[in-house]
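Below is one structure, written out as structure tokens; comments come after it.
These numbers come from a predicted model, not from an experiment. The figures here come from the full heavy-atom set of this structure, side chains too, leaving out hydrogens, waters and symmetry mates.
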Amino acid sequence: NVPVEKDFKIKYDGACKLWADFIVAIIECERRPRSFMGILWGAHQRFFAHMIMAAKVPVVVALVKKSINEGKCCVIGLQSTGEASSEAAVEKNC
């Protein structure tokens, strides 16, 4: 777990409001492709996944700097759930 800075919480809340307003506007739109909501939901999920990862960067940078100052080597791994691969497989098989 990584502590979240107050500034990030404000940005996160703003992003939630923006996405909520955007989704409502899209839902109210009479002319949209049937598949659009699935595409929108995927974009929504990716946006917040990246935003959460970005919130962790300051803590990771501090840990890396501390470790380097202690003479240690650092390796940073970015993990993914494989959502994109799963979605592609579902679309291919459906």
Side-chain angles (χ1 to χ4, degrees):
N1 291 336
V2 174
V4 178
E5 297 176 8
K6 184 178 181 179
D7 183 48
F8 176 78
K9 289 180 182 181
I10 293 168
K11 290 176 185 174
Y12 185 88
D13 290 345
C16 289
K17 171 94 172 80
L18 177 71
W19 272 98
D21 291 346
F22 181 63
I23 290 171
V24 167
I26 294 299
I27 289 171
E28 291 174 351
C29 190
E30 291 180 18
R31 296 185 59 183
R32 67 175 186 275
R34 189 170 284 197
S35 63
F36 189 76
M37 291 308 290
I39 294 167
L40 180 63
W41 183 247
H44 175 268
Q45 294 296 306
R46 284 187 300 280
F47 174 85
F48 281 101
H50 291 298
M51 190 169 195
I52 294 299
M53 190 178 298
K56 298 174 183 180
V57 170
V59 173
V60 172
V61 169
L63 287 171
V64 168
K65 285 181 177 180
K66 179 179 181 278
S67 296
I68 289 172
N69 288 336
E70 294 171 356
K72 299 175 184 175
C73 296
C74 298
V75 175
I76 300 170
L78 302 175
Q79 305 302 316
S80 173
T81 62
E83 175 191 7
S85 300
S86 297
E87 287 179 0
V90 168
E91 285 183 24
K92 181 180 178 181
N93 295 320
C94 291

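Taking both residues in full, the closest heavy atoms of Ala55 and Pro58 are given as O-CD, 3.5 Å, listed atom of the first, atom of the second, then distance.
To the nearest 0.5 angstrom, Gln45 atom CD is 10.5 Å from Leu40 atom CG. In this structure, SG in Cys74 is found 10.5 Å from NZ in Lys66, a value given to the nearest 0.5 Å. Put simply, CG on Leu63 and CD1 on Ile68 are 11.0 Å apart, with the number rounded to the nearest 0.5 Å. Atom CE of Met37 and atom CD1 of Ile23 lie 6.5 Å apart (nearest 0.5 Å).
By the 4.0 Å N-to-carboxylate-O rule, Asp13 lies too far from Lys9 to be salt-bridged with it.
The hydrophobic clustering, which links ILVMFWY residues whose side-chain heavy atoms are closer than 4.5 Å, places Val4 and Ile52 together. In the hydrophobic clustering of ILVMFWY residues, with side-chain heavy atoms under 4.5 Å counting as a link, Phe22 and Ile27 come out together.
Taking the six-membered ring where tryptophan is involved, the planes of Trp19 and Phe47 are tilted, since the angle between them lies from 30° to 60°. Between Phe48 and Tyr12, the ring planes lie perpendicular to each other; the angle is over 60°, past the 30° to 60° tilted range.
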